[in-house]
Amino acid sequence: MTTDTTAGSWKRTHSCGELRPEDAGQIVTLNGWVAKRRDHGNLFFVDLRDRYGITQITIDPENDGFQSEMLDLAGSLGAEDVLSVRGKVVLRTADLINPNRATGAIEIFPEHLEILSRSATPPFIVEDDSDTSDEIKLKYRHLDLRRRPILEGLELRSRFTHALRDSLIQQDFTEVETPILTKATPEGARDYLVPSRVHHGKFYALPQSPQVFKQILMVGGLDKYFQVARCFRDEDLRADRQPEFTQLDMEMSFVDEEDVFSVLERIVSHAFQKTLGYEIPTPFRRIPYEEAMNRYGSDKPDLRFGMELQDVGALAAESGFKVFTGALDQGGCVKALCVSKGASLSRKQIDGHTEFVKEYGAKGLAWLKVGEEGLTGPVAKFFPEAAGEQLTNLVGAQAGDLLLFGADTQAIVHRSLGELRNRLAQDFDLVDSKEFRLCWITEFPLFDWSEERQRWEPSHHPFTAPADWDADFEKEPGKQKSRAYDLVMNGWELGSGSIRIHRQDV
RNA sequence: GGGGACGUAGCUCAAUUUGGUUAGAGUACCGGACUGUCGAUCCGGUGGUUGUGGGUUCGAGUCCCAUCGUCCUCGCCA
């Protein structure tokens, strides 16, 4: 091997993902990590990987540019060694093309090989489809980052935030950074605290959101502000929740919901278009909170499929089935899910769903199967002939469908059937994972009852404007509607906001 | 904070109805063979205080207690 002492001789001319048949004949230099080595004795294949892809380096004594030292070097290569290769791009013959790889029609015949850095044996194999535990992958994050799924996640996020910024700047917003070390303000979650060196015994709080500062910006007259802001909440984790997260925070003065919606619809559809090439039709559908609860049992409905909750209270009242009539007498409700082709479920599977809804406070799950000959199942006797027909007509059921009933307080029926609806959609494969359905949930309740503190509390934040400025808030606080709204996609809450109070008396 | 599950080779997992000799496999790693592989193949080998500490027992990876760690779940999350 010639030792080329020219400074930067190993500097790359191409990435490991870009060479194509048209490049054949060129002398190129590639830098990358050894993803795989295949050793056939006097013939070696090395898969060289970087962020952009993988290119095969072929070391064969019969190739142009081959030097005998290359065999030793190739034989000594281990996974994740950092390598520089200069060589010729060569077209592969048809039978050797790897169709699974973008660079699969070419390979490199090296004339110069240099190991830039040796790697210790990696603690896990760097491969896209890895079954290594998250714990180990996080411990060696630098290796995990070399995997496509992780890299693609970071790249998607980068392109997405870029598109958000792009759209906001175009719409005359100003990006402002606000302080991280601040005074604690009463918000919903626990604050993270940082001890102060200057003021002994005192602490800074990390912001749960840039709440206070954007108020100052608005009062200061900066009427359109945004920030890609870090937020900190000292609460326990969930699968979709981290104590430290980033949100797009924005604020506008002198606006109403229509302005907010149209700005955000523009931003979001722009970002989806730019990053995924996905067109989201605007305006987004708007669903008042109450309607969302009634129809989907959730304030973050997944709109990719139907199977809505249907109120069968009127028929249930006549059924004589105590579970139903009892719930109605207590002021609750009876609702049904019509599961298309659900009659194929076994008793055991239905029992599984029963256990599932019990987690959400339901006492059980009544069910009926719709057959050609009418209804079957333990509850069928309460819906004889005409009543049964009325029921199937009401919910639009067809032969082969399954009806699942929730009967309890409204809150429990909605919660349990809402969760069950999502679970059934998974089981019956009703969701297209490539689809994105966005909507606004509007008219949230202004106050929630806090069992813990035995009082009504703002369900959003204390500055949320009421739907009706002049309402009597002391009377029936639970029925007051607010001008708070959520942006929901595929069953996930993407964001929330509200029109703020400007009247001092309110 | 409550409840549950798990912890065995570098990694992913086995090890029979509370227990029975030297704790296995795949992969990685090391050595050997091999000229067209792309999960290369074939042969051989190294590798373990079974998370840690205590207990029960003639005998513990297995049972009990404690502890540490990880995950799930409920609470919490304007």
Side-chain angles (χ1 to χ4, degrees), chain A residues 35-49 54-63 66 71 74-80 90 92-107 109 119-140 143-144 184-192 207-212 231-245 247 356 358-361 415 419 444-448 450-453 456-464 482 484 486 493 496-498 500:
Chain A
K36 198 83 192 176
R37 190 195 63 175
R38 289 177 291 279
D39 177 354
H40 290 243
N42 275 335
L43 170 68
F44 287 89
F45 300 100
V46 176
D47 285 344
L48 198 65
R49 176 192 61 229
I54 289 178
T55 299
Q56 175 167 287
I57 314 299
T58 304
I59 295 150
D60 183 336
E62 292 176 9
N63 288 350
F66 173 81
L71 287 181
S76 78
L77 285 175
E80 305 307 317
V90 178
R92 298 193 200 179
T93 57
D95 54 321
L96 298 179
I97 288 174
N98 181 349
N100 303 318
R101 219 169 254 176
T103 61
I106 56 100
E107 57 193 337
F109 289 178
S119 169
T121 301
F124 64 92
I125 304 165
V126 177
E127 56 191 348
D128 294 347
D129 195 10
S130 171
D131 56 2
T132 304
S133 70
D134 290 344
E135 193 185 354
I136 300 291
K137 285 190 289 197
L138 286 170
K139 184 170 173 187
Y140 302 96
L143 296 178
D144 198 22
T185 53
E187 293 189 63
R190 267 188 297 272
D191 288 315
Y192 275 104
Q208 297 178 24
S209 63
Q211 207 54 255
V212 181
C231 303
F232 305 88
R233 293 177 190 177
D234 189 7
E235 297 292 345
D236 289 342
L237 291 121
R238 278 299 146 75
D240 60 337
R241 192 203 301 163
Q242 286 181 286
E244 176 188 350
F245 61 94
Q247 71 176 27
F356 178 75
K358 280 182 180 170
E359 290 171 36
Y360 299 97
R415 179 96 200 274
E419 296 289 346
F444 272 78
L446 193 54
F447 304 104
D448 283 333
S450 166
E451 280 296 334
E452 196 180 326
R453 286 180 278 265
W456 292 95
E457 297 192 333
S459 46
H460 191 61
H461 62 57
F463 317 110
T464 307
S482 75
D486 277 2
E493 180 196 327
S496 69
S498 64
R500 282 171 184 257

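Just so it is clear, the model here is predicted, and its values are computed rather than measured. So that the names make sense, note that chain A is the first sequence line, chain B the second, and so on, each numbered from 1.
Looking at heavy-atom distances under 4.0 Å, A/Gln208 makes no contact with the nucleic acid at all. When heavy atoms are screened at a 4.0 angstrom cut-off, A/Glu127 is found touching no nucleic acid atom at all. Residue A/Glu493 is classed as having no contact, given no heavy-atom separation below 4.0 Å to the nucleic acid. When heavy atoms are screened at a 4.0 angstrom cut-off, A/Glu135 is found touching the sugar-phosphate backbone but no base atom.
The base of B/rG36 lies outside donor-acceptor range of the side chain of A/Asp95, with no N or O pair under 3.5 Å. Not a single donor-acceptor contact under 3.5 angstrom links the side-chain atoms of A/Asp236 to the base of B/rC77. With hydrogens and angles ignored, no donor-acceptor pair under 3.5 angstrom links the side chain of A/Glu62 to the base of B/rG36. Remark: the A/Arg92 side chain and the B/rU37 base include a donor-acceptor N/O pair separated by less than 3.5 Å.
Using a 4.5 Å cut-off on side-chain heavy atoms (C-beta onward), A/Glu80 and A/Arg49 make contact. Contact of the A/Asn98 side chain with the A/Arg92 side chain is registered, since non-hydrogen atoms from C-beta on lie closer than 4.5 Å. For the pair A/Arg37/A/Phe45, no side-chain contact is recorded, criterion being any heavy-atom separation below 4.5 Å from C-beta on.
When both pairing distances are held under 3.5 Å, B/rG7 makes a Watson-Crick or G-U pair with B/rC68. Using Watson-Crick or G-U wobble geometry with both donor-acceptor distances under 3.5 Å, B/rC34 finds no partner in any strand shown. The nucleotide B/rC29 finds its pairing partner in B/rG45, both defining distances of the Watson-Crick or G-U wobble pair being shorter than 3.5 Å. Of all nucleotides present, only B/rC13 satisfies the Watson-Crick or G-U wobble test against B/rG24, with each distance under 3.5 Å. Both distances falling under 3.5 Å, in either a Watson-Crick or a G-U wobble arrangement, place B/rC63 opposite B/rG55.
Distance CG (A/Asp47) to C1' (B/rG36): 13 Å, rounded to an integer number of Å. Across the protein-nucleic acid pair, A/Asp134 atom CG and B/rG69 atom P stand 18 Å apart, rounded to whole Å. Distance, A/Asp191 CG to B/rC77 P: 13 Å, rounded to whole Å. Spacing between atom CG of A/Asn98 and atom C1' of B/rG36 amounts to 12 Å, rounded to whole angstrom units. The CG atom of A/Leu77 sits 11 Å away from the P atom of B/rC30 (whole-angstrom rounding). As a whole-Å value, the separation of A/Ile57 CD1 from B/rC38 P is 18 Å. As a whole-Å value, the separation of A/Tyr192 OH from B/rC77 P is 15 Å. Taking atom CG of residue A/Asp144 and atom C1' of nucleotide B/rC11, one finds them 13 Å apart after rounding to whole Å.
Close to B/rC11, at under 4.0 Å from its OP1 or OP2, lies no side-chain N or O of A/Ser130. Using a 4.0 Å cut-off, no side-chain N or O of A/Arg38 falls inside it from OP1 or OP2 of B/rU37. A sub-4.0 Å separation between OP1 or OP2 of B/rA40 and a side-chain N or O of A/Lys36 is present.
Comparing the C1' positions of B/rG4 and B/rC11 gives a spacing of 27 Å, expressed to the nearest Å. Using C1' as the reference atom, B/rA60 and B/rU49 are 14 Å apart when rounded to the nearest Å. Taking the C1' atoms as reference points, B/rA25 lies 14 Å from B/rG48, given to the whole Å. Going from the C1' atom of B/rC58 to that of B/rU21 covers 14 Å, rounded to whole Å. If you take atom P in B/rG7 and the same atom in B/rU62, they sit 11 Å apart, rounded to whole Å. A gap of 26 Å separates the P atoms of B/rU67 and B/rG75, to the nearest Å. Rounded to the nearest Å, the gap between the C1' atom of B/rU18 and that of B/rC42 is 44 Å. Between the P atoms of B/rU12 and B/rG3, the separation comes to 28 Å (whole Å).
A/Thr103 places a side-chain N or O within donor-acceptor distance of the main-chain N or O of A/Ile54, the cut-off being under 3.5 Å. Checked by atom type and distance alone, the side chain of A/Arg500 never pairs as donor or acceptor with a backbone atom of A/Thr464 at under 3.5 Å. A/Glu235 places a side-chain N or O within donor-acceptor distance of the main-chain N or O of A/Arg190, the cut-off being under 3.5 Å.
Nearest to the side-chain atoms of A/Phe45 among the listed nucleotides B/rC34, B/rU37, B/rC76 stands B/rU37. For A/Asp131, the side-chain atoms get nearest to B/rU12 when compared with the rest of B/rU35, B/rG75, B/rU12. Distances from the side chain of A/Asn42 to the nucleotides B/rC29, B/rC77, B/rU35 place B/rU35 closest. When each of B/rC38, B/rC34, B/rG36 is scored by its nearest atom to the side-chain atoms of A/Asp39, the top-ranked nucleotide is B/rC34. Here the nucleotide nearest the side chain of A/Leu96, chosen from B/rC77, B/rU37, B/rA28, is B/rU37. Here the nucleotide nearest the side chain of A/Glu235, chosen from B/rC29, B/rC38, B/rC76, is B/rC76.
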Going through the checks in order, is the side chain to side chain contact (heavy atoms under 4.5 Å, CB included) test met by A/Val46 and A/Leu77? CA-CA 9 Å; A/Val46 176; A/Leu77 285 175; 3.8 Å; yes
Please step through side chain to side chain contact (heavy atoms under 4.5 Å, CB included) for the pair A/Arg38 and A/Asp47, ending with a clear verdict. CA-CA 8 Å; A/Arg38 289 177 291 279; A/Asp47 285 344; 2.9 Å; yes
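By the criterion of a centre-to-centre distance under 5.5 Å and near-parallel planes under 30°, the ring of A/Phe124 forms no stack with the base of B/rC11. Ring-base stacking between A/His40 and B/rG36 is not satisfied when judged by a centre separation under 5.5 Å and a plane angle under 30°.
A residue-by-residue look at A/Ile136 and A/Gly41 shows that A/Ile136 has its nearest nucleotide of RNA chain B further toward the 5' end. In terms of position on RNA chain B, the residue among A/Phe109 and A/Ser133 whose nearest nucleotide sits closer to the 5' end is A/Ser133.
For the side-chain contact (heavy atoms from CB on, under 4.5 Å) with A/Leu43, the qualifying choice from A/Leu71, A/Asp60, A/Asn63 is A/Asp60, the only one to do so.
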